[in-house]
Chemist: 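I have a structure I would like to understand better, so I am pasting it below and will then ask my questions one at a time.
Just so we're on the same page: letters track the sequence lines, and every chain starts at 1. FYI, side chains are in, hydrogens and waters are out, and symmetry mates aren't considered; it's all heavy atoms of this structure.
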Amino acid sequence: MPEPEKPKALMAEMHKSHRNTEATPEQDLATSLRAIPVVHSDYETVTTMDQLDRWIAAALNQAYVCIDTETDSLDAMQANIIGVSLATAPGKACYIPLGHQAAGEGLFGGGMLEGQINRDAALAKIKLLCEASHVLKIGQNIKYDMLGLSQRGISIHPIDDTMLLSYVVESGDVGHGMDELSERHLGHKPISFKDVAGSGKGQITFDRVPIDRATAYAAEDADITLRLWMVLKDKLIHIKKTTVYETLERPLIPVLMQMEREGVEVDRGVLAKLSSEFATKQAAIEIEIHKLAGQPFNIGSPKQLGDILFGKMNLPGGRKTATGAWSTDADALDDLAAQGIELAKRVLDWRQLAKLRSTYTEALPTFINPKTGRVHTSYAMASTSTGRLSSTDPNLQNIPVRTDDGRRIRTAFVAPQGSKLISADYSQIELRVLAHVADIPQLKKAFADGLDIHAMTASEMFGVPIEGMDSSVRRRAKAINFGIIYGISAFGLSNQLSISREEAGDYIRTYFKRFPGIKDYMEQTKAHARAQGYVETIFGRRMHFPRINSPNPSEKAFLERASINAPIQGSAADIIRRAMIRMMPALNEQGLKARMLLQVHDELIFECPAEESKATAELVKKVMIAAPEPALKLSVPLQVDARAANNWDEAH
DNA sequence: AGTCTCACG
DNA sequence: ACGTACGTGAGACTC
């Protein structure tokens, strides 16, 4: 995607013109933008084709325009486009209503409102603008608009996204929603969606919002987004993070849009069968539990369960939660189960089945899109503090894998007839990143030699040979390796391994003695976070910890652990982002028809023609392994395991 | 709306 | 002395 020249020149211009003033450039820009008032009555409602032509012509005549679509659903795959707003300059914006209905109850509403231009004719003009390669289209979370417009055959390029600009400029404990950005950077509180559509049970869809109110709301959104773009682009340049935005954020937008649009096939029949099997098992366990408890109660209520276990039965070793209630989580029940309390064991089984049913076997089918017959998750690009993606509606990044019953849910994620699913995942990517950034000779050598990294750690720590190593020794080393990545504490490790805090402390001291570079890296990272208020990934993405010097010791310790973890987790996230961005062109070059469907942090899932599965798997591995290059050459090799099968369980 | 619990990397 | 392993999202229950 070519960088549009005019906006770049414009931003340089803005910089120059403010360079001699006392205030920093971004302060000045924000101040001057604040001086242009937001006047809702100045916004134009576009009701004729002539009016639309004038706006499109004006936009085509400049280097950038802000665009925003209004719809009747948060689900872009099912949403109807109700209107489009454009902003060409601060304070200069319009709203083009296309699908507003008369207010009223559901089907008894009064039908299409007058004074709206024909939707298809209008979208044809809007398409010209969206696809004009010399006009930068600016949006707030523009992936959403792109997905909706792509359903109508409209693509958008080139693009900029204020949400992602904000994410690069200040990723930490701040949000990146438009209302929040407006208040933070412009000192202006925009009309909220609740103000025009109401909330809760009385909420109406946008097509029932009166057009004058819709114009005030929608045109303002475009206006504000344009102003935010000016402020944020300036800040981005000022902190020299343009490359992060242009290589790790912006190019991922169309990739994720395509993945969301593609969706994944989920076999209803498989889920239905699992659901009834789980329900039957669960019902039998429920009877047993009530018998063991001597009374019926709601097993799903932690409060009632706590009362039974620690009140009525007066069992020992009960812990309390933060709010003073009896803790009944899996750890607490495990303790009781270890004491031979049958009731606790049965509740654990019941809970697992309840979870599998409510979150997976019963919820997933409701997400099958009636038009495509597939499940289309939504990826959030700016919701984590580390640069990872997150997945919602449904979350396809937490499909069970750790238990046998849970894993069976993955058999419902299938390849269509004649196709295969390919799962490709990085092996130990975070430990490899750690070996690289902390520059640990033994770790680097172990990865270079393809050794079992946990066994190597155990061997170094406990002085036992890798050959014929006791599995519990390796398990302890594995827990320590995880702990290191998380910013280890004796308490956390002791909990994980069910050992005393003293013993855990001994392990940690032993580990640091054998791997002094890790200790150094951790201390340096904390020092950097305390001094700068942020840490960075290997590609320069910043993650802010504004409260790292908190006077509250536990908060401070928590943030120090998080600051140790962030560069590791974040660098791994950057690597897979780079792989995803290169994947589409790489597949195209090879003439392969594979589609990338899902990302699960260190894993990518593809669908491809069965006869291409071998070639696809090879290429996917190659792209993933080479992802850090040419920006960076890691001092450890990356390893990717890939497999093709008819469903996700067998491919994984 | 907040809490608890639990699914994943 | 302080309470923790790091990062998420979702469903059920409670108030």
Side-chain angles (χ1 to χ4, degrees), chain A residues 171 199-200 297-306 319-333 347-348 350-364 366-367 377-380 383-403 405-407 409-410 425-431 434 479-497 501 504 508 543 545 550-570 572-573 576 598-603 652:
Chain A
S171 174
S199 63
F297 68 102
N298 183 351
I299 306 164
S301 161
K303 189 169 180 282
Q304 292 183 37
L305 180 61
R319 293 180 293 110
K320 297 287 185 81
T321 67
T323 54
W326 289 115
S327 175
T328 69
D329 64 18
D331 276 345
L333 296 180
V347 171
L348 283 167
W350 184 94
R351 282 237 182 106
Q352 199 206 140
L353 293 166
K355 179 76 175 180
L356 294 180
R357 286 181 63 205
S358 68
T359 308
Y360 303 103
T361 60
E362 279 161 27
L364 282 173
T366 71
F367 284 98
T377 186
S378 177
Y379 288 103
S383 72
T384 72
S385 55
T386 55
R388 272 194 181 178
L389 303 176
S390 73
S391 158
T392 62
D393 308 302
N395 182 355
L396 296 186
Q397 291 181 322
N398 72 346
I399 303 301
V401 69
R402 293 173 189 174
T403 66
D405 271 344
R407 207 175 304 118
I409 289 168
R410 293 191 171 221
D425 68 296
Y426 285 108
S427 163
Q428 307 287 2
I429 189 167
E430 293 191 346
L431 280 175
L434 175 68
I480 291 164
N481 278 332
F482 271 102
I484 293 296
I485 286 168
Y486 295 155
I488 202 156
S489 72
F491 201 95
L493 184 63
S494 69
N495 231 352
Q496 184 64 35
L497 289 178
R501 208 191 303 197
I508 294 169
M543 299 154 288
F545 295 89
S550 166
N552 177 341
S554 63
E555 183 184 14
K556 186 168 152 73
F558 170 71
L559 291 172
E560 284 178 351
R561 290 195 299 275
S563 76
I564 289 168
N565 172 259
I568 302 169
Q569 189 182 115
I576 197 165
L598 303 173
Q599 190 250 39
V600 191
H601 310 307
D602 64 358
E603 174 187 15
H652 189 262

Chemist: Closest approach to the side chain of A:Leu493, judged atom by atom: which nucleotide of C:dC13, C:dA5, B:dC8 is it?
Modeler: C:dA5
Chemist: OP1 or OP2 of B:dG9 sitting under 4.0 Å from any side-chain N/O of A:Arg402?
Modeler: yes
Chemist: Which part of the nucleic acid does A:Ala557 contact within heavy-atom distance under 4.0 Å: base, sugar-phosphate only, or nothing?
Modeler: base
Chemist: Return whichever of A:Arg561 or A:Gln304 has its heavy-atom-nearest nucleotide of DNA chain C closer to the 5' end.
Modeler: A:Arg561
Chemist: Phosphate oxygens OP1/OP2 of C:dG7: is one of them under 4.0 Å from a side-chain N or O of A:Thr384?
Modeler: no
Chemist: Would one find a side-chain N or O of A:Ser385 under 4.0 angstrom from OP1 or OP2 of C:dT8?
Modeler: yes
Chemist: When you get a sec, tell me which of B:dC6, C:dG11, B:dG9 is the closest nucleotide to the side chain of A:Lys355?
Modeler: B:dC6
Chemist: Would you say B:dC4 has OP1 or OP2 under 4.0 Å from some side-chain N or O of A:Ser327?
Modeler: no
Chemist: Taking 4.0 Å as the cut-off, does a side-chain nitrogen or oxygen of A:Asn395 come that near to OP1 or OP2 on C:dT8?
Modeler: no
Chemist: Take atom NZ of A:Lys556 as the centre, draw a 6.0 Å sphere, and report whether it contains more than 12 heavy atoms from other residues, nucleotides or ligands.
Modeler: yes
Chemist: Taking any heavy-atom pair under 4.0 Å as a contact, classify A:Phe558: base, sugar-phosphate, or nothing.
Modeler: sugar-phosphate
Chemist: Rounded to whole angstrom, note down the P distance from C:dC2 over to B:dC6.
Modeler: 28 Å
Chemist: Taking the minimum atom-to-atom distance to the side chain of A:Arg388, which one of B:dG9, B:dT5, C:dA1 wins?
Modeler: B:dG9
Chemist: Please tell me which of the listed nucleotides, B:dA7, B:dG9, C:dT4, lies nearest to the side chain of A:Asn398?
Modeler: B:dA7
Chemist: When you measure from the side-chain N and O atoms of A:Ser390 to the phosphate of C:dG9, is any distance below 4.0 Å, counting only OP1 and OP2?
Modeler: yes
Chemist: Using a 3.5 Å distance criterion without hydrogens, assess whether the side chain of A:Gln304 forms a donor-acceptor pair with backbone atoms of A:Ile299.
Modeler: no
Chemist: Looking across every strand, which nucleic acid part, if any, lies under 4.0 Å from A:Glu603 by heavy atom: base, sugar-phosphate, or nothing?
Modeler: nothing
Chemist: The side chain of A:Gln496 is closest to which nucleotide in this list: B:dA7, B:dG9, C:dA5?
Modeler: C:dA5
Chemist: For A:Thr386 and A:Asp393, find the nucleotide of DNA chain C closest to each by heavy atoms; which residue's nucleotide sits nearer the 5' end?
Modeler: A:Thr386
Chemist: Using a cut-off of strictly less than 4.0 Å, decide whether A:Ser301 has a side-chain nitrogen or oxygen near OP1 or OP2 of C:dT14.
Modeler: yes
Chemist: Would you indicate which nucleotide in C:dC6, C:dG3, B:dT5 comes nearest to any side-chain atom of A:Asn565?
Modeler: C:dC6
Chemist: With P as the reference atom in both, quote the distance from B:dT5 to C:dA5 in angstrom, rounded to an integer.
Modeler: 13 Å
Chemist: Judged by atom type as modelled, is there a donor-acceptor pair below 3.5 Å linking the side chain of A:Ser327 to the main-chain atoms of A:Thr321?
Modeler: no
Chemist: Can you tell me how far C1' of B:dC6 sits from CD1 of A:Ile399, to the nearest Å?
Modeler: 13 Å
Chemist: Round to the nearest Å and state the distance from A:Tyr379 atom OH to C:dT8 atom P.
Modeler: 17 Å
Chemist: Quick check for you: among C:dT8, C:dA5, B:dC4, whose closest atom lies nearest to any side-chain atom of A:Thr323?
Modeler: B:dC4
